[in-house]
Amino acid sequence: MGYERDNIGRLAAYAPGEQPTTGASGGAGGGGVVKLNTNENPYPPCDAVLKAIAGVTGEMLRRYPQPSALRFRQVAAAVHGVTPEHIIATNGGDELLRMVIGVFCQPRGELTDTSTPSGTTAGGLAMAEPSYSLYPVLADIHNTPLLRVPLDDNFGLTADFADRVVQAGCKLAILVNPHAPSGRLESLATLRSIAATLRRGGCVLLIDEAYVDFATRDALPLVRDEALDNVLLLRTLSKGYSLAGLRFGYGIGHPRLIAALHKARDSYNVDVLAQAAATAALEHRDEARKTWEKVIAERERVTMELRGRGFVVPESQSNFVLATPPAGSRSAKEIYESLKAGNIFVRYFDQDRLRDKLRITIGTVEQNEVLLRGLEG
Ligand SMILES: *Cc1c(COP(=O)(O)O)cnc(C)c1O
(Lines give C-alpha, C1' and ligand atoms only; values in the text may rest on other atoms or scores of the structure.)
Protein backbone atom coordinates (compact mmCIF):
# COMPACT_ATOMS: atom_id res chain seq x y z
CA MET A 1 0.00 0.00 0.00
CA GLY A 2 1.28 3.49 -0.82
CA TYR A 3 0.90 6.73 1.06
CA GLU A 4 -2.15 7.93 -0.87
CA ARG A 5 -5.69 7.95 0.49
CA ASP A 6 -7.56 4.67 0.03
CA ASN A 7 -9.90 6.05 -2.62
CA ILE A 8 -6.91 7.25 -4.68
CA GLY A 9 -5.27 3.86 -4.29
CA ARG A 10 -8.41 2.20 -5.69
CA LEU A 11 -8.83 4.77 -8.46
CA ALA A 12 -8.76 3.87 -12.16
CA ALA A 13 -7.38 6.99 -13.83
CA TYR A 14 -9.10 8.70 -16.76
CA ALA A 15 -7.93 7.36 -20.13
CA PRO A 16 -7.61 10.20 -22.65
CA GLY A 17 -7.68 9.58 -26.39
CA GLU A 18 -4.32 8.75 -27.92
CA GLN A 19 -2.09 11.71 -28.80
CA PRO A 20 0.19 10.31 -31.50
CA THR A 21 3.54 12.09 -31.52
CA THR A 22 4.28 11.50 -35.19
CA GLY A 23 3.35 15.04 -36.12
CA ALA A 24 0.45 17.26 -37.03
CA SER A 25 -2.65 15.91 -38.69
CA GLY A 26 -1.98 15.20 -42.35
CA GLY A 27 -3.94 17.23 -44.83
CA ALA A 28 -4.66 15.32 -48.00
CA GLY A 29 -3.49 12.05 -46.55
CA GLY A 30 0.10 12.50 -47.57
CA GLY A 31 1.38 10.02 -45.02
CA GLY A 32 0.59 12.17 -41.95
CA VAL A 33 -1.55 11.15 -39.03
CA VAL A 34 -5.27 11.84 -39.33
CA LYS A 35 -6.41 12.46 -35.79
CA LEU A 36 -10.18 12.17 -35.37
CA ASN A 37 -10.24 10.82 -31.82
CA THR A 38 -10.37 13.70 -29.32
CA ASN A 39 -12.85 16.14 -30.86
CA GLU A 40 -10.38 18.90 -31.55
CA ASN A 41 -11.36 21.56 -34.07
CA PRO A 42 -9.45 20.72 -37.27
CA TYR A 43 -8.81 24.39 -38.06
CA PRO A 44 -6.26 26.57 -36.24
CA PRO A 45 -7.30 29.42 -33.93
CA CYS A 46 -7.72 32.79 -35.65
CA ASP A 47 -4.85 35.25 -36.17
CA ALA A 48 -6.14 37.60 -33.46
CA VAL A 49 -5.59 34.86 -30.88
CA LEU A 50 -2.06 34.16 -32.03
CA LYS A 51 -1.34 37.90 -32.03
CA ALA A 52 -2.66 38.23 -28.49
CA ILE A 53 -0.28 35.49 -27.35
CA ALA A 54 2.64 37.06 -29.23
CA GLY A 55 1.78 40.39 -27.59
CA VAL A 56 2.40 39.06 -24.09
CA THR A 57 5.55 40.80 -22.81
CA GLY A 58 8.18 39.83 -20.29
CA GLU A 59 6.79 42.46 -17.96
CA MET A 60 3.33 40.84 -18.14
CA LEU A 61 4.83 37.43 -17.37
CA ARG A 62 6.93 38.75 -14.49
CA ARG A 63 3.76 39.66 -12.61
CA TYR A 64 0.92 37.47 -11.39
CA PRO A 65 -2.13 37.46 -13.65
CA GLN A 66 -5.39 39.24 -12.81
CA PRO A 67 -6.70 36.70 -10.26
CA SER A 68 -10.24 36.23 -11.61
CA ALA A 69 -9.61 36.90 -15.33
CA LEU A 70 -11.74 40.02 -15.04
CA ARG A 71 -11.23 41.27 -18.61
CA PHE A 72 -12.16 37.86 -20.00
CA ARG A 73 -15.23 37.71 -17.78
CA GLN A 74 -16.35 41.13 -18.99
CA VAL A 75 -16.03 40.08 -22.61
CA ALA A 76 -17.75 36.74 -22.00
CA ALA A 77 -20.56 38.46 -20.09
CA ALA A 78 -21.18 40.81 -23.01
CA VAL A 79 -21.17 37.91 -25.48
CA HIS A 80 -23.68 35.90 -23.43
CA GLY A 81 -25.91 38.72 -22.16
CA VAL A 82 -25.10 38.19 -18.47
CA THR A 83 -22.87 40.00 -15.95
CA PRO A 84 -19.22 39.23 -15.07
CA GLU A 85 -20.57 37.94 -11.72
CA HIS A 86 -22.22 35.13 -13.72
CA ILE A 87 -18.82 33.92 -15.03
CA ILE A 88 -15.85 32.02 -13.62
CA ALA A 89 -12.76 31.27 -15.75
CA THR A 90 -11.02 27.92 -15.28
CA ASN A 91 -7.97 26.01 -16.43
CA GLY A 92 -9.88 24.05 -19.06
CA GLY A 93 -13.45 22.93 -18.62
CA ASP A 94 -12.04 19.98 -16.70
CA GLU A 95 -10.98 22.25 -13.83
CA LEU A 96 -14.55 23.51 -13.57
CA LEU A 97 -15.77 19.90 -13.34
CA ARG A 98 -13.32 19.20 -10.55
CA MET A 99 -14.35 22.39 -8.77
CA VAL A 100 -18.11 21.82 -8.93
CA ILE A 101 -17.73 18.36 -7.43
CA GLY A 102 -15.48 19.75 -4.68
CA VAL A 103 -17.83 22.63 -3.93
CA PHE A 104 -21.26 20.98 -4.17
CA CYS A 105 -20.75 17.27 -3.37
CA GLN A 106 -20.23 15.73 0.03
CA PRO A 107 -17.26 13.35 0.44
CA ARG A 108 -17.98 10.08 2.18
CA GLY A 109 -16.71 10.22 5.74
CA GLU A 110 -13.52 8.21 5.30
CA LEU A 111 -13.46 6.94 8.87
CA THR A 112 -17.09 5.92 8.84
CA ASP A 113 -16.91 4.50 5.32
CA THR A 114 -17.45 0.89 6.36
CA SER A 115 -20.45 1.75 8.52
CA THR A 116 -22.19 3.58 5.67
CA PRO A 117 -24.73 1.33 3.95
CA SER A 118 -23.20 0.40 0.60
CA GLY A 119 -24.85 2.00 -2.39
CA THR A 120 -25.88 5.13 -0.58
CA THR A 121 -25.70 8.19 -2.78
CA ALA A 122 -26.68 10.96 -0.37
CA GLY A 123 -24.66 14.11 -0.95
CA GLY A 124 -23.20 12.68 -4.12
CA LEU A 125 -22.95 13.28 -7.84
CA ALA A 126 -25.49 12.10 -10.41
CA MET A 127 -24.71 11.53 -14.06
CA ALA A 128 -26.44 10.05 -17.06
CA GLU A 129 -24.82 6.88 -18.40
CA PRO A 130 -23.04 6.70 -20.73
CA SER A 131 -21.42 10.11 -20.91
CA TYR A 132 -18.03 11.78 -20.31
CA SER A 133 -15.92 9.18 -18.51
CA LEU A 134 -14.04 11.86 -16.57
CA TYR A 135 -17.04 12.49 -14.29
CA PRO A 136 -16.76 9.20 -12.35
CA VAL A 137 -13.01 9.64 -12.00
CA LEU A 138 -13.45 13.09 -10.47
CA ALA A 139 -16.15 11.74 -8.13
CA ASP A 140 -13.74 9.02 -7.00
CA ILE A 141 -10.92 11.51 -6.40
CA HIS A 142 -13.24 13.58 -4.22
CA ASN A 143 -14.52 10.33 -2.68
CA THR A 144 -18.12 11.34 -3.28
CA PRO A 145 -20.85 8.78 -4.04
CA LEU A 146 -21.97 8.49 -7.66
CA LEU A 147 -25.43 7.76 -9.04
CA ARG A 148 -25.45 6.57 -12.66
CA VAL A 149 -28.82 6.96 -14.35
CA PRO A 150 -29.02 5.01 -17.62
CA LEU A 151 -30.07 6.91 -20.74
CA ASP A 152 -32.76 5.41 -22.97
CA ASP A 153 -31.98 3.44 -26.13
CA ASN A 154 -31.50 6.65 -28.12
CA PHE A 155 -29.21 8.21 -25.49
CA GLY A 156 -32.08 10.43 -24.38
CA LEU A 157 -32.85 11.30 -20.75
CA THR A 158 -35.58 9.21 -19.17
CA ALA A 159 -38.61 11.07 -17.80
CA ASP A 160 -37.76 10.07 -14.24
CA PHE A 161 -34.15 11.35 -14.33
CA ALA A 162 -34.62 14.32 -11.98
CA ASP A 163 -36.86 12.42 -9.56
CA ARG A 164 -34.31 9.65 -9.22
CA VAL A 165 -31.53 12.15 -8.57
CA VAL A 166 -33.55 13.92 -5.89
CA GLN A 167 -34.66 10.66 -4.27
CA ALA A 168 -31.04 9.55 -4.14
CA GLY A 169 -30.15 12.74 -2.27
CA CYS A 170 -27.55 13.89 -4.79
CA LYS A 171 -26.26 17.46 -4.48
CA LEU A 172 -25.07 17.84 -8.07
CA ALA A 173 -26.16 16.40 -11.42
CA ILE A 174 -24.02 16.73 -14.54
CA LEU A 175 -25.56 16.42 -18.00
CA VAL A 176 -23.60 16.86 -21.19
CA ASN A 177 -25.64 18.59 -23.89
CA PRO A 178 -25.14 18.09 -26.79
CA HIS A 179 -24.60 14.62 -25.44
CA ALA A 180 -21.21 12.97 -25.71
CA PRO A 181 -20.62 10.53 -27.24
CA SER A 182 -23.89 10.48 -29.23
CA GLY A 183 -24.21 14.14 -30.28
CA ARG A 184 -27.89 14.20 -29.28
CA LEU A 185 -29.32 17.57 -28.16
CA GLU A 186 -31.99 17.64 -25.44
CA SER A 187 -34.77 20.23 -25.64
CA LEU A 188 -34.68 23.34 -23.50
CA ALA A 189 -38.07 22.36 -22.05
CA THR A 190 -36.64 19.05 -20.80
CA LEU A 191 -33.64 20.75 -19.23
CA ARG A 192 -35.83 23.42 -17.66
CA SER A 193 -38.10 20.87 -16.06
CA ILE A 194 -35.12 18.86 -14.76
CA ALA A 195 -33.57 22.02 -13.34
CA ALA A 196 -36.79 22.94 -11.55
CA THR A 197 -37.21 19.48 -10.00
CA LEU A 198 -33.57 19.38 -8.90
CA ARG A 199 -33.92 22.85 -7.40
CA ARG A 200 -36.77 21.67 -5.19
CA GLY A 201 -34.48 18.84 -4.07
CA GLY A 202 -31.58 21.17 -3.24
CA CYS A 203 -29.49 19.91 -6.14
CA VAL A 204 -27.32 21.89 -8.58
CA LEU A 205 -27.52 21.10 -12.32
CA LEU A 206 -24.35 21.52 -14.36
CA ILE A 207 -25.02 21.41 -18.09
CA ASP A 208 -21.74 20.57 -19.79
CA GLU A 209 -21.90 22.53 -23.06
CA ALA A 210 -18.43 21.61 -24.29
CA TYR A 211 -19.84 21.10 -27.80
CA VAL A 212 -22.53 23.77 -27.88
CA ASP A 213 -20.77 25.81 -30.56
CA PHE A 214 -21.76 23.13 -33.08
CA ALA A 215 -25.40 22.98 -31.94
CA THR A 216 -28.50 24.94 -32.90
CA ARG A 217 -29.18 26.26 -29.39
CA ASP A 218 -27.71 26.56 -25.90
CA ALA A 219 -29.16 26.57 -22.39
CA LEU A 220 -28.39 30.23 -21.60
CA PRO A 221 -32.09 31.06 -21.19
CA LEU A 222 -32.05 28.88 -18.05
CA VAL A 223 -29.19 30.85 -16.53
CA ARG A 224 -30.92 34.14 -17.35
CA ASP A 225 -34.02 32.86 -15.52
CA GLU A 226 -33.66 34.27 -11.99
CA ALA A 227 -35.87 31.50 -10.58
CA LEU A 228 -33.35 28.86 -11.58
CA ASP A 229 -30.54 29.71 -9.19
CA ASN A 230 -29.19 26.14 -9.33
CA VAL A 231 -28.10 26.01 -12.99
CA LEU A 232 -24.51 26.20 -14.20
CA LEU A 233 -23.22 25.90 -17.76
CA LEU A 234 -19.77 24.65 -18.68
CA ARG A 235 -18.03 26.14 -21.70
CA THR A 236 -14.60 25.38 -23.11
CA LEU A 237 -12.33 26.97 -25.69
CA SER A 238 -10.88 23.54 -26.48
CA LYS A 239 -13.40 22.52 -29.14
CA GLY A 240 -15.16 25.44 -30.79
CA TYR A 241 -12.21 27.84 -30.49
CA SER A 242 -9.44 25.43 -31.52
CA LEU A 243 -7.58 25.97 -28.24
CA ALA A 244 -7.37 22.53 -26.61
CA GLY A 245 -3.65 23.15 -26.04
CA LEU A 246 -4.29 26.40 -24.14
CA ARG A 247 -6.42 24.93 -21.32
CA PHE A 248 -9.19 27.44 -20.87
CA GLY A 249 -12.82 26.95 -19.93
CA TYR A 250 -15.46 28.82 -17.98
CA GLY A 251 -18.67 28.46 -16.05
CA ILE A 252 -21.80 30.56 -16.43
CA GLY A 253 -24.40 30.57 -13.69
CA HIS A 254 -26.25 32.35 -10.94
CA PRO A 255 -23.89 34.77 -9.11
CA ARG A 256 -24.37 32.87 -5.82
CA LEU A 257 -23.17 29.61 -7.39
CA ILE A 258 -20.31 31.40 -9.10
CA ALA A 259 -19.28 33.12 -5.85
CA ALA A 260 -19.07 29.74 -4.11
CA LEU A 261 -16.82 28.45 -6.90
CA HIS A 262 -14.55 31.53 -6.74
CA LYS A 263 -13.94 30.78 -3.07
CA ALA A 264 -12.65 27.32 -3.91
CA ARG A 265 -10.42 28.05 -6.91
CA ASP A 266 -6.65 28.46 -6.94
CA SER A 267 -5.61 32.09 -6.49
CA TYR A 268 -4.29 32.36 -10.06
CA ASN A 269 -5.95 29.46 -11.83
CA VAL A 270 -5.72 30.89 -15.36
CA ASP A 271 -2.41 32.27 -16.55
CA VAL A 272 -1.53 35.47 -18.41
CA LEU A 273 -1.16 33.78 -21.81
CA ALA A 274 -4.44 31.92 -21.47
CA GLN A 275 -6.33 35.03 -20.38
CA ALA A 276 -4.96 37.04 -23.31
CA ALA A 277 -5.73 34.33 -25.87
CA ALA A 278 -9.16 33.45 -24.51
CA THR A 279 -10.23 37.10 -24.41
CA ALA A 280 -9.15 37.58 -28.03
CA ALA A 281 -10.91 34.36 -29.02
CA LEU A 282 -14.26 35.55 -27.68
CA GLU A 283 -13.78 39.06 -29.10
CA HIS A 284 -13.22 37.48 -32.51
CA ARG A 285 -15.93 34.87 -32.19
CA ASP A 286 -17.05 35.40 -35.79
CA GLU A 287 -13.74 33.94 -36.96
CA ALA A 288 -14.32 30.78 -34.91
CA ARG A 289 -17.90 30.67 -36.15
CA LYS A 290 -16.64 30.22 -39.71
CA THR A 291 -14.91 27.01 -38.61
CA TRP A 292 -18.08 25.82 -36.84
CA GLU A 293 -20.00 26.25 -40.08
CA LYS A 294 -17.43 24.23 -42.01
CA VAL A 295 -17.43 21.48 -39.38
CA ILE A 296 -21.24 21.36 -39.36
CA ALA A 297 -21.39 21.08 -43.16
CA GLU A 298 -18.85 18.26 -43.05
CA ARG A 299 -20.70 16.57 -40.19
CA GLU A 300 -23.80 16.38 -42.36
CA ARG A 301 -21.81 15.06 -45.33
CA VAL A 302 -19.88 12.46 -43.28
CA THR A 303 -23.16 11.32 -41.68
CA MET A 304 -24.70 10.73 -45.11
CA GLU A 305 -21.58 9.02 -46.44
CA LEU A 306 -21.44 6.68 -43.44
CA ARG A 307 -25.14 5.88 -43.71
CA GLY A 308 -24.57 5.16 -47.39
CA ARG A 309 -22.03 2.55 -46.29
CA GLY A 310 -24.57 0.90 -43.97
CA PHE A 311 -23.49 2.52 -40.70
CA VAL A 312 -26.18 3.60 -38.25
CA VAL A 313 -25.43 7.23 -37.39
CA PRO A 314 -27.83 9.24 -35.23
CA GLU A 315 -28.13 12.94 -36.00
CA SER A 316 -25.35 14.80 -34.16
CA GLN A 317 -25.34 18.41 -32.98
CA SER A 318 -21.67 18.22 -32.15
CA ASN A 319 -18.30 17.98 -33.90
CA PHE A 320 -18.31 14.20 -33.90
CA VAL A 321 -20.61 11.36 -34.85
CA LEU A 322 -21.25 8.03 -33.15
CA ALA A 323 -21.32 5.36 -35.82
CA THR A 324 -22.41 1.72 -35.54
CA PRO A 325 -20.95 -0.46 -38.30
CA PRO A 326 -23.44 -2.50 -40.35
CA ALA A 327 -24.37 -5.94 -39.05
CA GLY A 328 -22.27 -8.63 -40.65
CA SER A 329 -19.33 -6.32 -41.33
CA ARG A 330 -16.14 -6.07 -39.29
CA SER A 331 -16.69 -5.15 -35.63
CA ALA A 332 -16.19 -1.60 -34.42
CA LYS A 333 -13.05 -2.69 -32.64
CA GLU A 334 -11.62 -4.31 -35.77
CA ILE A 335 -12.35 -1.19 -37.80
CA TYR A 336 -10.74 0.97 -35.11
CA GLU A 337 -7.61 -1.21 -35.15
CA SER A 338 -7.33 -1.28 -38.90
CA LEU A 339 -7.79 2.50 -39.19
CA LYS A 340 -5.13 2.97 -36.53
CA ALA A 341 -2.72 0.76 -38.46
CA GLY A 342 -3.22 3.21 -41.33
CA ASN A 343 -2.51 6.21 -39.06
CA ILE A 344 -6.17 7.19 -38.85
CA PHE A 345 -7.21 7.63 -35.23
CA VAL A 346 -10.86 7.44 -34.12
CA ARG A 347 -12.17 6.72 -30.62
CA TYR A 348 -13.22 3.30 -29.45
CA PHE A 349 -14.80 2.88 -26.00
CA ASP A 350 -14.59 -0.63 -24.59
CA GLN A 351 -17.64 -0.19 -22.34
CA ASP A 352 -21.30 -1.14 -22.18
CA ARG A 353 -23.49 0.27 -24.96
CA LEU A 354 -20.49 1.71 -26.83
CA ARG A 355 -18.44 -1.40 -27.64
CA ASP A 356 -20.15 -1.79 -31.02
CA LYS A 357 -19.63 1.85 -32.00
CA LEU A 358 -16.95 4.30 -33.10
CA ARG A 359 -16.85 7.96 -32.17
CA ILE A 360 -15.45 9.88 -35.08
CA THR A 361 -14.41 13.54 -34.82
CA ILE A 362 -15.28 15.64 -37.86
CA GLY A 363 -12.08 16.82 -39.56
CA THR A 364 -11.30 18.91 -42.61
CA VAL A 365 -12.75 17.80 -45.96
CA GLU A 366 -9.41 16.15 -46.75
CA GLN A 367 -9.17 14.32 -43.43
CA ASN A 368 -12.74 13.08 -43.72
CA GLU A 369 -11.98 11.79 -47.21
CA VAL A 370 -8.99 9.86 -45.85
CA LEU A 371 -11.25 8.39 -43.17
CA LEU A 372 -13.97 7.38 -45.62
CA ARG A 373 -11.41 5.77 -47.92
CA GLY A 374 -9.86 4.04 -44.89
CA LEU A 375 -13.23 2.48 -44.09
CA GLU A 376 -13.32 0.71 -47.45
CA GLY A 377 -10.01 -1.05 -46.69
C1 LIG B 1 -13.71 18.46 -23.98
C2 LIG B 1 -14.73 18.31 -22.92
C3 LIG B 1 -14.75 19.09 -21.76
C4 LIG B 1 -13.75 20.13 -21.38
O5 LIG B 1 -12.48 19.93 -21.88
P6 LIG B 1 -11.31 20.95 -21.56
O7 LIG B 1 -10.33 20.68 -22.64
O8 LIG B 1 -10.81 20.62 -20.20
O9 LIG B 1 -11.87 22.33 -21.60
C10 LIG B 1 -15.79 18.92 -20.87
N11 LIG B 1 -16.76 18.03 -21.09
C12 LIG B 1 -16.78 17.26 -22.19
C13 LIG B 1 -17.90 16.30 -22.37
C14 LIG B 1 -15.77 17.36 -23.13
O15 LIG B 1 -15.79 16.57 -24.20
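Side chains included, hydrogens not; waters and symmetry mates left out as well; all remaining heavy atoms used. Counting convention: from 1, in listed order, for ligands and their atoms alike. What you see is a predicted model; the values in this text were computed from it and never measured.
- A salt bridge links E298 to R301: at least one charged side-chain nitrogen sits closer than 4.0 Å to a carboxylate oxygen.
- Listed by number with element, the atoms of ligand 1 under 4.0 angstrom from any heavy atom of V176 are 13 (C).
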Requested in this report: With salt bridge (Lys or Arg N to Asp or Glu O under 4.0 Å) as the test, would you mind laying out the steps for E337 and R330 before giving the verdict?
Outcome: CA-CA 11 Å; E337 297 285 1; R330 292 177 299 166; over 6 Å; no
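- Counting atoms of ligand 1 from 1 in the listed order, those under 4.0 Å from a heavy atom of G92 are 8 (O), 9 (O).
- Between F214 and W292, the angle of the ring planes goes over 60°, which puts this pair in the perpendicular group of the 30/60° scheme.
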Report task. Carefully, step by step, assess K239 and E209 under the rule salt bridge (Lys or Arg N to Asp or Glu O under 4.0 Å). Result -> CA-CA 10 Å; K239 318 292 174 28; E209 295 196 319; over 6 Å; no
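- The protein heavy-atom contact nearest to atom 8 (O) of ligand 1 is R247 NH2, 2.6 Å.
- The contact set between ligand 1 and G93, taken as ligand atoms under 4.0 Å from a residue heavy atom, comprises 4 (C), 6 (P), 8 (O), 9 (O).
- Residue contact check for ligand 1: D208 places a non-hydrogen atom closer than 4.0 Å to it.
- Side-chain contact check for H262 versus S68: some heavy-atom pair is nearer than 4.5 Å.
- The ligand atoms of ligand 1 that sit less than 4.0 angstrom from a heavy atom of S238 are 6 (P), 7 (O), 9 (O).
- Less than 4.0 angstrom separates some heavy atom of A210 from each of these atoms of ligand 1: 2 (C), 3 (C), 10 (C), 11 (N), 12 (C), 14 (C).
- Counting only heavy atoms of the protein, atom 15 (O) of ligand 1 lies nearest to Y211 OH, 2.5 Å.
- Of the heavy atoms in E95, none comes closer than 4.0 Å to ligand 1.
- Shortest contact from atom 3 (C) of ligand 1 to any protein heavy atom: K239 NZ, 3.6 Å.
- Put simply, the side chain of Q66 does not reach to within 4.5 Å of the side chain of R71, judged on heavy atoms.
- E376 and R309 are joined by a salt bridge, as a carboxylate oxygen and a charged side-chain nitrogen come within less than 4.0 angstrom of each other.
- Residue contacts with ligand 1, taken as heavy atom pairs separated by less than 4.0 Å, involve D94 via backbone and side-chain atoms alike.
- Stacking of K294 on the aromatic ring of Y43 is recorded, both the 6.0 Å distance cut-off and the 45° axial limit being met.
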